[in-house]
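For reference, the structure is listed below as structure tokens.
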Amino acid sequence: MNEQPRTREPSGKQDKEWGAVKRTVGCLVAVLIVVGIPAAGIYAVVQWTQGPVHQVAENFHDYGTLCGGREIPGAPAYEPGSGPHPIVVFESARKDDSSQSKVSIRAGESDNPFNPEDPDQVELVACTEQTDAGDEVATCDFTSESVGMRSATVEITVYEARTGEQVGEPVELVGRDSSCPVMVTFKGDLSLYTIPSESQYLEALKSVVTG
């Protein structure tokens, strides 16, 4: 295993992840039926596997479950047209990885919907995923090797934190931030990709956040 500085690489499609969850639930229910578990027990298992991971967010990272299809019922209500609407933005650390990392936007600024002070203020969650990769646009030099960085097209989708319902239409753009990661750990070949810059996030999300 080679250990090199770490990247933030966009995720795979969320529908693939949710499809895997549903297949897992179906197999689990089938096993329970075979061993004779009562219907009430099966219903409880299905509810647990499909229900919210968090009823109320204790920290901002809890909202990352929205990118996997799990709402947070205790989040503030979202009412269109009565903005601003506090939002947190997530992107996956790696392609085809369900783990989400929070994106820092306007860090240090107070009273800004892109930088809410408390988790219980969040109404919206934006999830970023890679949809396509283009040409190599930069090279990152690490301790033992150099790695090329390719231009990536990403899709940003906004969800209501309380219900998990999609808000507006997804926005597709080509990430302009080609900054090299400070640290990355990987196996085998490594590909790096551009990600949206802070200004791109602000432009893509301002209408839904302020409206």
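FYI, the numbering just counts along the sequence from 1. All heavy atoms count here, side chains included; hydrogens, waters and symmetry mates do not.
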| query | What's the spacing between C180 SG and L192 CG if we round to 0.5 Å? | reply | 7.0 Å
| query | Can any side-chain N or O of Q121 pair as donor or acceptor with the backbone N or O of E117 at less than 3.5 Å? | reply | yes
| message | Show me the pairs that pass salt bridge (charged side-chain N to carboxylate O under 4.0 Å, His left out) and involve residues 191-206, at least two apart or across chains. | response | E203-K206
| If you measure only the distance, is there a donor-acceptor pair under 3.5 Å linking the side chains of Y78 and T163? | no
| note | When rounded to the nearest 0.5 Å, the distance separating OH of Y193 from CZ of R150 is 5.0 Å
| message | Does L205 form a side chain to side chain contact (heavy atoms under 4.5 Å, CB included) with I87? I'd like the steps, not just the answer. | response | CA-CA 9 Å; L205 299 172; I87 190 172; 4.2 Å; yes
| Within the distance-only criterion (no hydrogens, no angle test), does the side chain of R162 pair as donor or acceptor with the backbone N or O of A75 below 3.5 angstrom? | yes
| said: With a 4.5 Å cut-off on side-chain heavy-atom distances among I, L, V, M, F, W and Y, is there a chain of contacts connecting V122 to V56? | reply: no
| said: Between T194 and S151 (side chain of the first, backbone of the second, donor and acceptor by atom type, cut-off under 3.5 Å), is there such a pair? | reply: no
| remark: Taken to the nearest 0.5 Å, the spacing of I195 CD1 from S178 OG works out to 9.5 Å
| Could K102 and F90 be counted as a cation-pi pair, given that NZ or CZ must be under 6.0 Å from the ring centre and within 45° of the axis? | no
| field | Value rounded to 0.5 Å, distance of CD in E71 from CD in E160 | value | 10.0 Å
| request: Apply side chain to side chain contact (heavy atoms under 4.5 Å, CB included) to V125 and V158, showing your working. | output: CA-CA 6 Å; V125 176; V158 178; over 6 Å; no
| message | Tell me if the CD atom of E109 is crowded by more than 12 foreign heavy atoms within 6.0 Å. | response | yes
| note | Heavy atoms of E123 and P76 approach each other most closely as CG-CB, 3.9 Å
| said: To check you understand the geometry: which heavy-atom pair defines the closest contact between A126 and C67, and what is its length? | reply: O-SG, 4.4 Å
| said: Applying side chain to side chain contact (heavy atoms under 4.5 Å, CB included) to Y159 and C127, what does each step give before you reach the verdict? | reply: CA-CA 8 Å; Y159 300 94; C127 303; 3.9 Å; yes
| field | D120 backbone acceptor or donor facing D118 side chain under 3.5 Å | value | no
| Between D62 (side chain) and T65 (backbone), is there a donor-acceptor pair under 3.5 Å? | no
| Within 6.0 Å of CG in D135, more than 12 heavy atoms from elsewhere | no
| message | Side chains of Y201 and E91 only: does a donor on one sit below 3.5 Å from an acceptor on the other? | response | yes
| said: Quick check against the 3.5 Å criterion: does H85 have a side-chain atom that pairs as donor or acceptor with the backbone of L124? | reply: no
| query | Checking side chain to side chain contact (heavy atoms under 4.5 Å, CB included) for the pair E155/T128: CA distance, chi angles, key distance, verdict? | reply | CA-CA 6 Å; E155 188 175 78; T128 303; over 6 Å; no
| request: Would you check if the side chain of R176 reaches a backbone N or O of P196 as a donor-acceptor pair within less than 3.5 Å? | output: no
| query | Would you say the side-chain atoms of Q200 pair up with the backbone N or O of V174, donor to acceptor, closer than 3.5 Å? | reply | yes
